[in-house]
Amino acid sequence: MSEVIVPERTAVAPAPTVSWTPLGENAILVMSACDAMPAKVPVAVDGNPRNRAQTMVLSWRRPGADASGATGFLCLAPAPATDRAGSGALLVGRPGRPLRLILAPKPLPLEAFLSELAGDAGQAFPSVVDGLLEVLLSGAPNPRRLRAVSMLLQTVARPGGFVEVMGSLEGDGIFMQGWTSHFAAGRVSLLIAHGGLSTAHLEAGTFERDDLGEGARGFFGLLEDCRAQHPGEIERLYFRGNDGWRALEVYERYVLLEPITVPGHLRDGLQRGSAPQATADKLRRASQRFDGRDTVCLLEEPVRAGIDAATIVDETGVLIIGWMFDPERKVDAVSLRSGSQSCAIDRLWTRVPRPDVTAAFMEDPRFGLLASRRNSHGFIVFAPKLVPESGQPLYLTFEVQGTGPAFLPLEASRGQARRSLERILGLLDPRSSTASAVVERQIAPALQAAEIAPPRPAETVDVGAFEAEAPLGLVVGLDHRPRELSALFALLAMDPEVRPLPIVLAAPSESFDRIGAEARRLARFYRLSMRLVAVEGVEDACDAIEAGVRACRFQTVALLSGAAQIRMPGWLGRLERAYRARGGQCVASPTLLFEDNSIRWAGAWLEGEGQNRRIANRFVGYPLDAIGNLGPMEVAAGASECCVLSRAAFVEAGGFARNYFTTAEKGLDLCLKLRMQGAPSLWVPEVEVYAVDDGEAAAAPVAALAQLADRTSFDRRWALAISNMKG
């Protein structure tokens with residue numbers, strides 16, 4: 001049999017081995033050469049139809065190359081399997097005969113791949129890269145693709161101008177100003193280099209600059225949809241001009257604006273520059289932001305406003321007293337703002353008469369004819385949970401019909417909740433319905449929302465052999481008012497059931513130096529065992545009592561307010577026996593008397609039904625004989641001025657609530673909390689104690705309003721529970 005020789009011209013040429021580099025997890029970039037290649041072809045890995053895709057081809061002429069390799073080309077292809085179980089071949093489905101390529105065993109790093117591409121493409125490299133950028137940017141972005149884009153842009157992008165000024169506009173992007181000669185005003189697509197690469201858009205206006213060459217103009221605008229959070233992160237900006245890719249360099253000594261000044265720069269740009277309507281409208285909206293100035297006073301409309309007091313209540317909110325002159329009702333909304341926080345205060349405020357504002361505008365020739373139309377120019381408002389952020393201004397925004405927002409900066413002081421609210425009570429006329437509305441809608445909610453720190457024992461001094469963990473001990477709490485201690489100590493020393501007990505005397509730290517010295521002298525004289533406690537944060541006797549309870553470890557505590565005066569010996573023993581008779585699961589309180597022996601408190605009782613149910617003191621003002629010879633009985637709530645209870649139950653209940661002005665509601669609140677925990681209140685009629693009225697507080701003009709605020713707060717907290725109570 002003779003040998004058959006296949007002519008060389010009919011032999012099948014071997015598949016070339018080609019360079020490649022990965023782009024993400026699902027694609028690779030391949031470079032090779034052939035005789036001809038169309039602009040779009042199907043390509044598959046190992047001939048697998050499931051790993052097949054249509055791809056754009058970028059080609060260039062290779063001068064001096066053989067006809068079979070006269071065309072260099074670049075294309076994206078599906079990534080081969082990670083285990084490379086297949087042959088590692090690509091099948092490019094060009095018309096006529098498909099082209100089979102063998103992938104090199106190892107991919108090239110991107111830098112090496114681009115270097116090889118530049119060497120092969122020669123002068124065509126910029127246009128090839130330009131086309132490759134379009135292909136890479138048209139697909140789904142991933143880190144490797146964006147890294148490739150970044151490297152390509154650094155290679156081909158030509159200078160396109162500078163960014164000279166930047167500043168953050170919170171919520172609306174980053175302000176930019178600079179110059180360029182390669183893009184027009186409007187919405188410009190950009191690629192931002194900021195460590196990585198990401199897409200963004202610049203809403204830009206342009207303006208003329210005398211210091212630039214022909215064709216160059218200044219630009220200003222807002223960078224939107226940018227992943228860079230701060231101007232300092234931006235290294236360079238790329239954009240596609242009419243003649244290819246350009247780079248906006250960030251000037252090394254660029255001006256960084258304070259956020260509050262950015263709106264003013266936008267307004268300045270809009271006044272001297274131009275932009276398409278859609279862009280101009282967007283920039284104008286962004287420019288209508290607070291920039292630290294009072295712009296209400298600049299309005300042509302008859303709208304003016306002023307602030308008398310603004311107080312930041314620690315960890316609680318902002319309390320504002322002010323006025324707004326708006327006789328023609330041009331203002332649609334008023335909000336309080338700080339940073340990202342806002343509160344629509346016109347939905348919360350209480351309007352109050354301000355004849356002084358009316359009188360002032362009557363003298364103004366611009367608004368005099370309008371001033372008499374309304375008199376309720378004032379307002380008082382509490383903005384809950386709005387606590388200004390560090391470094392952020394606090395201001396009011398007025399939405400004025402036809403002009404957009406106007407702003408009024410606030411210079412707010414900081415204050416404690418109770419003190420700040422008491423000052424407002426002092427400004428109100430207790431006889432007016434407006435005062436009641438302010439108390440119910442502003443004061444009471446503000447006090448209830450306040451996060452007031454509990455009183456803190458700052459210093460303790462023991463006199464005698466004080467037993468901190470005794471089964472029974474007495475806690476006496478004093479407020480800021482001067483109290484005569486000699487009579488109290490004498491009565492305690494003369495009572496054989498009290499004298500052996502350890503006693504805690506808690507007083508405000510401000511008056512502790514004087515009270516402590518007197519208490520130490522009297523305790524030594526009467527040989528009483530006593531712990532003196534200096535307390536910080538005392539507003540009333542309840543605060544002092546609470547600190548005193550927490551400064552000891554008695555199993556059972558007898559509480560005695562500084563306003564109470566002992567009437568007879570044996571009072572504590574009788575209360576304790578009534579308490580023990582109930583298994584130590586109650587709050588035992590005596591009858592409280594006024595100085596004329598009429599009844600101040602003889603049990604708090606439930607009255608009414610359902611939603612009308614309330615807690616009332618039935619015998620107030622009656623002579624002592626009115627209660628007869630009654631025995632101990634359960635009531636709705638006890639009296640915190642004098643009572644015996646479990647220390648553990650007191651601590652578990654959280655002690656006295658701090659969100660009341662008066663001690664009456666504080667005591668009532670405590671007894672109801674204990675009742676909910678299974679410790680009801682017990683009235684022991686046979687024990688009688690004086691509870692001396694504080695004449696100063698009773699005569700104060702704010703007393704009635706403080707009581708109204710407390711009653712409103714108490715009802716909001718307890719009305720539902722009381723309506724469902726039995727008894």
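Please read these numbers as outputs of a predicted model, since none were measured by experiment. Hydrogens, waters and symmetry mates are skipped; everything else that's a heavy atom, side chains included, is used. Sequence positions, counted from 1, serve as the residue numbers for this chain.
- Considering only residues two or more places apart in sequence or on other chains, A664 meets the side chain to side chain contact (heavy atoms under 4.5 Å, CB included) condition with T662.
- In this structure, F619 and T591 have side chains that are not in contact, with every pair of non-hydrogen atoms separated by 4.5 Å or more.
- You'll find the side chain of V684 stays beyond 4.5 Å of the side chain of Y579, heavy atoms only.
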ask   = Can you list the steps and then say if S511 with H480 is a side-chain hydrogen bond (donor to acceptor under 3.5 Å, both in side chains)?
value = CA-CA 7 Å; S511 57; H480 292 277; 5.4 Å; no
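- The main-chain N or O of G378 is found under 3.5 Å from a side-chain atom of R351 such that the two form a donor-acceptor pair.
- Counting only distance, with no hydrogens or angles, the side chain of N659 and the backbone of A450 share a donor-acceptor pair below 3.5 Å.
- Contacts of A648 classified as side chain to side chain contact (heavy atoms under 4.5 Å, CB included), with partners at least two apart in sequence or in another chain: S646.
- F290 places none of its side-chain heavy atoms less than 4.5 Å from the side chain of R337.
- Classification of E652 and K673 as a salt-bridged pair fails, no side-chain N sitting under 4.0 Å from a carboxylate O.
- Within the model, atoms CG of L478 and CG of D540 stand 12.0 Å from one another, a figure rounded to the nearest 0.5 Å.
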request  = Under the side-chain contact (heavy atoms from CB on, under 4.5 Å) rule, what do L425 and L421 come out as? Steps first, then yes or no, please.
outcome  = CA-CA 6 Å; L425 291 178; L421 296 172; 5.7 Å; no
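- In this structure a side-chain-to-backbone donor-acceptor pair under 3.5 Å is missing from D715 to A719.
- Between the S338 side chain and the P393 main chain, a donor and an acceptor come within less than 3.5 Å of each other.
- Judged purely by atom type and a 3.5 angstrom limit, D326 has no side-chain atom pairing as donor or acceptor with the backbone of V303.
- A salt bridge (charged side-chain N to carboxylate O under 4.0 Å, His left out) check over residues 302-312, counting only residues at least two apart or in different chains, returns the pairs D308-R354.
- Legend: residues meeting side-chain hydrogen bond (donor to acceptor under 3.5 Å, both in side chains) with R289, ordered by chain and number and at least two apart, are D172.
- Taken from CG in L410 to CG in D294, the straight-line distance is 10.0 Å, to the nearest 0.5 Å.
- Shortest non-hydrogen contact noted between A541 and D479 is N-CB, 3.6 Å.
- Few gaps surround CE on M633; more than 12 heavy atoms of other groups in view lie less than 6.0 Å from it.
- Taking S509 as the reference, A534, E536 meet the side chain to side chain contact (heavy atoms under 4.5 Å, CB included) condition, with sequence neighbours excluded.
- The list of ring-ring contact (aromatic ring centres under 6.0 Å, His included) pairs with a residue in residues 634-681, not counting sequence neighbours, reads F650-F656.
- Residues L396 and I307 are in side-chain contact: their nearest non-hydrogen atoms beyond the backbone lie under 4.5 Å apart.
- The heavy-atom pair separating P457 from A547 by the smallest distance is CG-O, 3.9 Å.
- In this structure Y690 satisfies the side-chain hydrogen bond (donor to acceptor under 3.5 Å, both in side chains) test together with R567, N597, sequence neighbours excluded.
- Pairs engaging residues 632-649 under the salt bridge (charged side-chain N to carboxylate O under 4.0 Å, His left out) rule: R582-E634 [sequence neighbours left out].
- Between the SG atom in C671 and the CG atom in L682 there is a gap of 11.5 Å [rounded to 0.5 Å].
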query = V557 and L645: side-chain contact (heavy atoms from CB on, under 4.5 Å), yes or no, with the steps?
reply = CA-CA 6 Å; V557 290; L645 74 161; 3.8 Å; yes
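- Salt bridge E576/R580: present, at least one basic N to carboxylate O contact under 4.0 Å.
- If you take CG on L670 and OG1 on T663, they are separated by 12.0 Å, rounding to the nearest 0.5 Å.
- Contact of the L672 side chain with the I722 side chain is registered, since non-hydrogen atoms from C-beta on lie closer than 4.5 Å.
- Residues D669 and W718 meet the side-chain proximity criterion, which asks for heavy atoms closer than 4.5 Å.
- Residues Q341 and L386 come closest through the heavy atom pair OE1-CA, 3.8 Å.
- For the pair L485 and E518, the tightest heavy-atom approach, listed with the atom from each and the gap, is CD1-CG, 4.2 Å.
- Side-chain contact between S640 and L559 is absent, with no heavy-atom pair separated by less than 4.5 Å.
- With I321 as reference, I380 is the one residue of V352, I380, T311 to meet the side chain to side chain contact (heavy atoms under 4.5 Å, CB included) rule.
- In this structure R574 satisfies the side-chain hydrogen bond (donor to acceptor under 3.5 Å, both in side chains) test with no other residue, sequence neighbours excluded.
- Applying the salt bridge (charged side-chain N to carboxylate O under 4.0 Å, His left out) test to every pair with at least one member in residues 403-417, sequence neighbours left out, gives these pairs: D314-R414.
- Classification of the F361-F325 ring pair by plane angle, with boundaries at 30° and 60°, yields parallel.
- Nearest approach of R531 to C552, heavy atoms of both residues: NH1-CA, 4.5 Å.
- Proximity of a side-chain donor or acceptor of S681 to a complementary backbone N or O of G638 within less than 3.5 Å is detected.
- Interatomic distance, CG of D710 versus CD of Q448, reported as 8.5 Å (0.5 Å rounding).
- Environment of CG in D513: sparse, with no more than 12 heavy atoms of neighbouring residues, nucleotides or ligands closer than 6.0 Å.
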request  = Decide side-chain contact (heavy atoms from CB on, under 4.5 Å) for I452 and L447; before the verdict, give the C-alpha distance in whole Å, the side-chain angles of both, and the deciding distance to 0.1 Å.
outcome  = CA-CA 9 Å; I452 305 174; L447 189 60; 4.3 Å; yes
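- Within the 4.5 Å cutoff, the side chain of F398 has no heavy atoms near those of the L299 side chain.
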Chi angles and distances behind the side-chain contact (heavy atoms from CB on, under 4.5 Å) call for V504, F554 = CA-CA 10 Å; V504 175; F554 307 147; 3.9 Å; yes
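- Residues passing the side-chain hydrogen bond (donor to acceptor under 3.5 Å, both in side chains) test with W601: none are found, sequence neighbours excluded.
- Judged by distance alone, with hydrogens and angles left aside, the side-chain atoms of R618 form no donor-acceptor pair with the main-chain N or O of W605 at under 3.5 Å.
- Smallest separation of non-hydrogen atoms from I627 and L630: O-CG, 2.9 Å.
- By the side chain to side chain contact (heavy atoms under 4.5 Å, CB included) test, E539 is found to be paired with Q416, R418, R419, D543, R658, residues two or more places apart in sequence or in another chain being considered.
- Taken to the nearest 0.5 Å, the CG atom of L705 stands 11.5 Å off from the CD atom of E422.
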side-chain hydrogen bond (donor to acceptor under 3.5 Å, both in side chains) assessment of R293 paired with T295 = CA-CA 6 Å; R293 300 179 303 150; T295 57; over 6 Å; no
